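Okay, structure first, notes after.
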Amino acid sequence: MVTNWKRIAGLILSVGMLGGWARAVEPDAVVSLWPGDGLPPGVKVPDPQNQQPDARGLIRRMDKPELRVFLPPADGATGTAVIICPGGAYGLLDYKAHVAEFGADYQQQGIAVIALLYKVPTTADLALMEGKRAIRLVRSRAKDWNLDPQKIGMQGYSAGGHLLVNLMSHADDGDPQAQDPLDRLSCRPNFVLLMCPWNIWTVDKYPLKAPLPPVFMACADNDNVSINFSDPLAARLKELQVPLLYWRVQGGGHLAFHKPNTWGTWMDPFLPWLKQQGFATRP
């Protein structure tokens, strides 16, 4: 457990530079997503590997999915957590740009950061299954990590955004009769951040229906990977009366919200909005 503010920058980023970026240091916990051999159900891999981020901060192979948990100082914790689903076209995970760069920003607000390192390479169906499992697993460990199980949000970039729209469309409250205790818990996020969600499907392919959580969505007007999906998605969410802040910016392309790019300041509108929704507030 983190007990003081001096460690806050060190939880996600080391001060030294290695290979062009500040490498991640040890999290407060690393939890396998799946029991037993750690492989997803029905997946067989002859020589399973979990690679560390390369010099660009990219994870190119993750056979045994895991959660990496970074907790804020106990004296400033709000009980809110965000599970971050990195992007990478379901072929890799951009750990640096989507997790490491913003971790300390979250922690300074008393928000726990939990990186969902889902299997890559992967498929949309498997990623959805792992997204559901991740939020259920976090809720099951809420007491251990000083979290409020009703203040667990999820954030996805690009393919991670696709994962979350898919999850919003297929979330459930859990099955009280399930054999696995985790499957008895809800997999509905309490809030969602969609960062330039990937446009591999059109909006009509997602069976979105109420109830849906509050959504913060960000997209650049010249993002050819996302804008033709984000605009109609925003319209659909408004039709469903979802609390929505759509931060549509000019220029920047698909990497607009990476640091140090101009719109890497997306937390400036996001954090006040999040608190207006009742999250990330200290007692």
Side-chain angles (χ1 to χ4, degrees), residues 80-90 93-94 97-99 101-102 106 111 113-116 118 124 127-128 130-132 134-135 152-171 187-249 252-258 261 263-274 276-277 279-280:
T80 299
V82 60
I83 302 170
I84 300 179
C85 308
Y90 287 151
L93 302 172
D94 194 338
H98 300 161
V99 178
E101 292 283 11
F102 292 96
Y106 272 119
I111 301 171
V113 175
I114 302 173
L116 167 55
Y118 52 88
L128 171 61
E130 295 191 332
K132 289 182 175 183
I135 191 165
I152 311 299
M154 299 187 77
Q155 175 175 359
Y157 290 79
S158 195
H162 172 267
L163 187 164
L164 292 189
V165 180
N166 207 13
L167 189 153
M168 290 168 60
S169 302
H170 297 93
C187 66
R188 297 184 189 276
N190 297 111
F191 60 91
V192 168
L193 293 82
L194 301 174
M195 311 299 292
C196 46
W198 195 14
N199 64 352
I200 57 172
W201 300 343
T202 55
V203 172
D204 61 295
K205 301 298 183 183
Y206 299 89
L208 289 162
K209 59 183 180 181
L212 293 172
V215 174
F216 174 92
M217 183 163 61
C219 189
D221 62 0
N222 65 340
D223 182 349
N224 294 329
V225 178
S226 179
I227 193 65
N228 63 351
F229 174 74
S230 293
D231 281 353
L233 177 59
R236 178 61 179 148
L237 294 174
K238 289 179 180 178
E239 287 177 2
L240 293 170
Q241 299 184 326
V242 175
L244 171 70
L245 175 56
Y246 182 22
W247 203 45
R248 193 181 193 276
V249 302
H254 197 51
L255 306 183
F257 307 103
H258 290 191
N261 298 340
W263 303 114
T265 58
W266 57 266
M267 276 199 170
D268 291 345
F270 164 68
L271 288 171
W273 174 87
L274 183 67
Q276 289 173 2
Q277 307 307 313
F279 305 103

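Start at 1 with the first residue, then count along the sequence. Keep in mind the model is a prediction, meaning the values are calculated, not measured. These numbers come from the heavy atoms of this one structure, side chains and all, not from hydrogens, waters or symmetry mates.
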task = Assert yes or no for the condition that the ring centre distance of F270 to F257 is strictly below 6.0 Å.
result = no
note = Applying side-chain hydrogen bond (donor to acceptor under 3.5 Å, both in side chains) to D94 and not counting sequence neighbours gives none
For [X] and [Y], take the angle between the two ring planes, folded into 0 to 90°, and tell me which bin it lands in: parallel under 30, tilted 30 to 60, perpendicular over 60.
{"X": "F216", "Y": "W273", "answer": "tilted"}
{"X": "Y157", "Y": "W266", "answer": "perpendicular"}
{"X": "Y90", "Y": "H162", "answer": "perpendicular"}

query = Just by distance, do the side chain of N190 and the backbone of G153 share a donor-acceptor pair under 3.5 Å?
reply = no
task = Determine yes or no for a side-chain-to-main-chain donor-acceptor pair under 3.5 angstrom, with S158 supplying the side chain and G88 the backbone.
result = no
message = Taking the side chain as everything from C-beta on, heavy atoms only, tell me whether V215 gets closer than 4.5 Å to L233.
response = no
query = How about R188 and P211: do any of their side-chain heavy atoms sit closer than 4.5 Å?
reply = yes
query = Just checking, any donor-acceptor pair under 3.5 angstrom between side chains of N166 and H170?
reply = yes
key: Single hit among T202, I200, N199 for side-chain contact (heavy atoms from CB on, under 4.5 Å) with F229   = N199
message = Quick one, T80 with F191, criterion side chain to side chain contact (heavy atoms under 4.5 Å, CB included). Give me CA distance, side-chain angles, the key distance, then yes/no.
response = CA-CA 10 Å; T80 299; F191 60 91; 3.8 Å; yes
query = Tell me the salt bridge (charged side-chain N to carboxylate O under 4.0 Å, His left out) pairs involving residues 199-219, sequence neighbours left out?
reply = none
request  = Using the salt bridge (charged side-chain N to carboxylate O under 4.0 Å, His left out) rule, collect all pairs that involve residues 222-231, keeping only residues at least two apart or in two chains.
outcome  = D231-R248
